[in-house]
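Here's the structure we're looking at; comments come further down.
Convention: sequence-line order gives letters A, B, ...; per-chain numbering from 1. Here the structure is a predicted model, which means the values were calculated and not measured.
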Protein chains: 2
Amino acid sequence: MLKRRTYTCGLDAALDIMGGKWKALVLWELIDGPLRFGELRRRVAGISERVLILQLRELEKCGLLHRELYHQVPPKVEYSLTGFGQSLIKAMTPLGEWGERHQATIEALERGD
Amino acid sequence: MLKRRTYTCGLDAALDIMGGKWKALVLWELIDGPLRFGELRRRVAGISERVLILQLRELEKCGLLHRELYHQVPPKVEYSLTGFGQSLIKAMTPLGEWGERHQATIEALERGD
DNA sequence: GGTCCCCCTTACAAAAATGTCGGTACCCGG
DNA sequence: CCGGGTACCGACATTTTTGTAAGGGGGACC
């Protein structure tokens with residue numbers, strides 16, 4: 001969760017809210033519309049069920065995404081971006097594009113093995 | 001350090017290279033030109049000497065910044081962005097602006113106390 | 001009845017990130 | 001000789017993040 005209540009700059013605040021290994025990836029998957037828990041789980045490669053839940057909870061608490069529970073059997077839960085979340089996605093897009101442009105370069109870097 | 005050699009998308013790669021609590025902040029400070037170790041240490045509020053060194057080493061290894069050692073006494077070391085680093089900064093700018101716009105909102109969120 | 005799917009939850013464990021403290025080498029000025 | 005400033009290293013401790021395993025309640029399918 002968020003740890004500070006003051007930040008030295010906007011970037012600092014942004015990284016606190018969407019930093020970490022998974023949050024941005026989760027948000028990213030929701031660009032094209034709502035997804036169910038299971039769909040998210042399958043799309044975000046490598047994430048464990050538990051961690052996905054934790055990330056979703058935090059993103060929800062921060063107002064970046066919305067959780068809609070359908071009282072059905074079997075249960076259905078849909079996650080979608082809020083307006084706030086969408087604005088964040090837009091702000092992250094250039095970073096994503098940068099990463100895409102340089103992905104090969106980055107993958108070629110020596111690991112800290 | 002970098003942990004993977006393949007990424008699911010550009011954002012994934014970007015976050016791996018500049019994610020974490022400090023890297024982006026360090027890069028950010030270098031926007032306006034080179035800084036010495038001590039200057040960086042003073043500007044990046046809250047970072048410890050050791051952690052700053054670790055971050056600088058990693059950023060250097062990734063080719064995002066350049067370390068220039070002046071053989072003087074007392075020693076002088078200057079850190080500056082490489083072209084690669086500058087391109088990353090540019091890609092992070094919208095995120096920084098987003099954070100700035102929403103900084104008050106973010107600070108007002110409940111902490112996980 | 002057994003088993004599957006769904007969306008979680010809890011207890012526990014490992015790994016990664018971050019922090020603290022002390023020390024090094026150099027020279028200078030007092 | 002003592003202390004100050006610079007840039008850094010190493011051992012260690014703590015905190016944070018991420019992961020693993022197991023279970024649960026409610027149908028549905030065979």
Margin query: Measure CD/B:Glu58 against P/C:dA16 and give the value in whole Å, please.
Written below: 13 Å

Check: Mapping A:Arg57 and B:Val51 to their closest nucleotides on DNA chain C, which lands nearer the 5' end?
Finding: A:Arg57

Next item on the list: Assign each of A:Pro75 and A:Gly46 to its nearest nucleotide of DNA chain D by heavy atoms, then name whichever residue's nucleotide is nearer the 5' end.
Entry: A:Gly46

Notebook entry, point to check: Roughly, in whole Å, what's the span from CG in A:Leu25 to C1' in D:dT18?
Noted result: 14 Å

Check: What is the minimum heavy-atom distance between B:Ala24 and B:Met92, and which atoms define it?
Finding: CB-SD, 4.0 Å

Margin query: Would you say A:Arg36 places a side-chain N or O within less than 4.0 Å of OP1 or OP2 belonging to C:dC5?
Written below: no

Notebook entry, point to check: Between A:Glu60 (CD) and C:dC7 (P), how many Å, whole number?
Noted result: 15 Å

Next item on the list: Identify which nucleotide among C:dG19, C:dA11, C:dC8 has an atom closest to any side-chain atom of A:Arg50, counting heavy atoms from C-beta outward.
Entry: C:dA11

Next item on the list: Considering just the side-chain nitrogens and oxygens of B:Tyr79, establish if one lies under 4.0 Å of OP1 or OP2 belonging to D:dC8.
Entry: yes

Next item on the list: Would you indicate, yes or no, if D:dT17 has its OP1 or OP2 atom less than 4.0 angstrom from a side-chain nitrogen or oxygen of A:Gln55?
Entry: no

Check: Whole Å only: how far is the CH2 atom of B:Trp22 from the P atom of C:dA17?
Finding: 15 Å

Next item on the list: Calculate the interatomic distance between B:Leu52 atom CG and D:dC8 atom P; express it in whole Å.
Entry: 9 Å

Note to self: What is the separation between atom CG on A:Leu54 and atom C1' on C:dT10, rounded to the nearest whole Å?
What the structure shows: 11 Å

Check: Aromatic rings A:Tyr79 and A:Phe37: how do their planes relate, parallel, tilted or perpendicular, breaks at 30° and 60°?
Finding: tilted

Notebook entry, point to check: Is a donor-acceptor contact shorter than 3.5 angstrom present between the side chain of B:Glu49 and the base of D:dC8?
Noted result: yes

Check: Considering only side-chain heavy atoms of A:Arg42, which listed nucleotide, C:dC8, C:dC6, D:dA7, is closest?
Finding: C:dC6

Item checked: Non-hydrogen atoms of A:Ala13 and B:Gln103 that approach each other most closely -> CB-CG, 4.3 Å

Notebook entry, point to check: Atom CG of B:Leu15 to atom P of C:dA17: distance rounded to whole Å?
Noted result: 13 Å

Checklist line | A:Phe37 side chain, from C-beta outward: closest of D:dG26, D:dA7, C:dC7 | finding: C:dC7

Checklist line | Least distance between heavy atoms, B:Trp22 atom then B:Ala45 atom | finding: CZ3-O, 3.7 Å

Note to self: Would you say B:Lys21 places a side-chain N or O within less than 4.0 Å of OP1 or OP2 belonging to D:dT17?
What the structure shows: no

Margin query: In whole Å, I'd like the distance from the CD1 atom of B:Ile53 to the P atom of C:dT20.
Written below: 14 Å

Next item on the list: Check whether any side-chain heavy atom of A:Ile17 lies under 4.5 Å from a side-chain heavy atom of A:Phe84, and answer yes or no.
Entry: yes

